[in-house]
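This report concerns only the one structure given below.
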Amino acid sequence: MASKRDEVILKCTECREENYITTRNKRLHPAKMEINKYCPKCRKMTLHKEKK
């Protein structure tokens, strides 16, 4: 049986750097993930969105 969780890449909205790889259940959460995370390039907390 295949896993129900899919890997997603989170991208900083300010510098466009791909900083994080995480998983989410696409069946329960169909919308794209948006979360505030620390960006090492910007050196501050920024909004990270799921990459296409």
Side-chain angles (χ1 to χ4, degrees):
M1 186 166 109
S3 175
K4 294 179 183 176
R5 300 189 67 80
D6 293 325
E7 284 191 347
V8 294
I9 298 171
L10 298 178
K11 200 172 186 183
C12 178
T13 55
E14 292 186 20
C15 68
R16 307 285 185 223
E17 192 77 18
E18 296 174 6
N19 296 319
Y20 296 97
I21 299 173
T22 187
T23 61
R24 73 177 172 110
N25 189 328
K26 287 189 177 181
R27 191 175 291 172
L28 296 176
H29 304 286
K32 290 199 173 202
M33 185 184 273
E34 293 182 0
I35 189 165
N36 278 318
K37 301 280 281 179
Y38 179 78
C39 177
K41 188 173 180 186
C42 298
R43 295 185 3 201
K44 60 181 177 180
M45 295 291 284
T46 59
L47 182 66
H48 281 69
K49 292 186 178 182
E50 180 180 331
K51 181 181 167 185
K52 284 189 175 183

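- Interatomic distance, CG of Asp6 versus CZ of Arg24, reported as 7.5 Å (0.5 Å rounding).
- The line from SG of Cys42 to CZ of Arg16 is 10.5 Å long, rounded to the nearest 0.5 Å.
- The SG atom of Cys15 lies 9.5 Å from the NZ atom of Lys44; values are rounded to the nearest 0.5 Å.
- What you find for Tyr20 and Tyr38 is that their closest heavy atoms are OH-O, 2.6 Å.
- Note that NE2 of His48 and CD of Glu34 are 12.0 Å apart. Values are rounded to the nearest 0.5 Å.
- Residues Lys32 and Glu50 come closest through the heavy atom pair CA-OE1, 3.6 Å.
- No path of Ile, Leu, Val, Met, Phe, Trp and Tyr side chains, each step under 4.5 Å between heavy atoms, connects Leu47 with Leu10, placing them in separate hydrophobic clusters.
- To the nearest 0.5 Å, atoms CD (Glu18) and NZ (Lys41) are separated by 11.5 Å.
- Judged by distance alone, the side chain of Thr46 and the main-chain N or O of Cys12 form no donor-acceptor pair under 3.5 Å.
- Shown here for Thr23 and Met33, the closest heavy-atom pair between the two residues is O-CE, 4.3 Å.
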